[in-house]
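One structure below.
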Amino acid sequence: QVQLVESGGGLVQPGGSLRLSCAASGIIFSIRAMAWYRQAPGKERELVAAIPSRGNTNYADSVKGRFTISRDNAKNTMYLQMNSLKPEDTAVYYCNAEISSVYVRNYWGQGTQVTVSS
């Protein structure tokens, strides 16, 4: 039994900032790779940023220099710091994580809405 819950979404002005959180709970032996995805209306879901258990982080070209992904393993939590937000960043943001529990599998959060508009 593992759950991922996103939080921190909302409405912001262009150029503003938001910090998203993704908290994992349940019986967790370890969390391997984690990632943020987003999906805008009428668009396919796309990878925003990924952070493996070890190795380098990875960002979509559209967010490089503006977004920062991080994780706190002691809290089983991942974050996405979003700065200099643009209207095209508007989407539902989803947390994804590869988690070892009874067995290893990918889990998805329910999503949190981010709207960038003046």
Side-chain angles (χ1 to χ4, degrees):
Q1 296 182 342
V2 174
Q3 292 180 315
L4 296 178
V5 179
E6 302 98 334
S7 62
L11 174 64
V12 296
Q13 300 282 332
S17 298
L18 282 175
R19 188 187 190 220
L20 305 183
S21 298
C22 171
S25 62
I27 301 175
I28 299 172
F29 300 152
S30 65
I31 301 178
R32 302 182 180 181
M34 304 186 78
W36 287 99
Y37 289 78
R38 67 186 181 187
Q39 187 167 24
K43 305 287 180 56
E44 66 180 19
R45 185 166 53 190
E46 65 173 342
L47 177 67
V48 176
I51 181 168
S53 57
R54 64 175 296 168
N56 296 327
T57 55
N58 184 47
Y59 297 92
D61 288 341
S62 60
V63 307
K64 287 181 179 178
R66 300 188 297 120
F67 292 7
T68 302
I69 189 171
S70 62
R71 61 192 290 175
D72 186 334
N73 291 330
K75 298 179 180 179
N76 287 333
T77 301
M78 175 179 65
Y79 307 95
L80 185 67
Q81 180 65 48
M82 309 164 66
N83 298 325
S84 301
L85 284 162
K86 305 174 180 179
E88 50 263 46
D89 295 318
T90 296
V92 177
Y93 284 70
Y94 296 93
C95 175
N96 177 266
E98 183 183 31
I99 299 176
S100 175
S101 182
V102 177
Y103 58 93
V104 179
R105 59 158 284 183
N106 283 112
Y107 292 85
W108 289 94
Q110 80 289 347
T112 184
Q113 177 71 48
V114 172
T115 302
V116 185
S117 177
S118 60

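Since this is a predicted model, take the numbers as computed values, not measurements. Computation of the quantities below employed the complete heavy-atom set of this structure, encompassing side-chain atoms and omitting hydrogens, waters and symmetry-equivalent molecules. Residue indices begin at 1 and follow the sequence shown.
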Say you draw a straight line from [atom1] of [X] to [atom2] of [Y]; how long is it, rounded to the nearest 0.5 Å?
X    : Y    : atom1 : atom2 : result
R38  : L20  : CZ    : CG    : 11.0 Å
R105 : S100 : CZ    : OG    : 12.5 Å
I27  : S101 : CD1   : OG    : 6.0 Å
L47  : W36  : CG    : CH2   : 12.5 Å
M34  : R71  : CE    : CZ    : 5.5 Å
S21  : Q81  : OG    : CD    : 9.5 Å

How far apart are the closest heavy atoms of [X] and [Y], and which atoms are they?
X    : Y    : answer
S118 : P14  : N-CD, 3.7 Å
A40  : T90  : CB-O, 3.7 Å
A35  : Y37  : CB-CE1, 3.9 Å
L85  : M82  : CD2-CE, 3.5 Å
Q113 : A91  : NE2-O, 3.4 Å
L4   : Q110 : O-OE1, 3.6 Å

Would [X] and [Y] show up in the same hydrophobic cluster when neighbours are defined by side-chain heavy atoms closer than 4.5 Å?
X    : Y    : result
F67  : V114 : yes
Y107 : M78  : yes
I69  : V92  : no
I51  : I28  : yes

Residues D89 and K86 bridged, charged N to O under 4.0 Å |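 Between K86 and D89 there is no salt bridge, as every charged N stays at least 4.0 Å from the carboxylate O atoms.
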Counting heavy atoms not belonging to Q3, are there more than 12 under 6.0 Å from its CD?
->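 No, CD of Q3 has 12 or fewer neighbouring heavy atoms, counting only those of other groups under 6.0 Å.
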Q1, CD atom: more than 12 neighbouring heavy atoms under 6.0 Å |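 Atom CD in Q1 is not crowded, with 12 or fewer foreign heavy atoms closer than 6.0 Å.
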Side chain E6, main chain C95, donor-acceptor under 3.5 Å =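 Yes, the answer is positive, given that a donor and an acceptor are paired below the 3.5 Å cut-off.
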Can you check side-chain contact (heavy atoms from CB on, under 4.5 Å) on N73 and I31, steps first, answer last?
-> CA-CA 8 Å; N73 291 330; I31 301 178; 5.6 Å; no
Test R66 against Y59 for side-chain contact (heavy atoms from CB on, under 4.5 Å), laying out the working first.
-> CA-CA 10 Å; R66 300 188 297 120; Y59 297 92; over 6 Å; no
Please state whether the rings of Y94 and W108 are parallel, tilted or perpendicular, taking 30° and 60° as the class boundaries.
->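 Aromatic pair Y94/W108 classed perpendicular.
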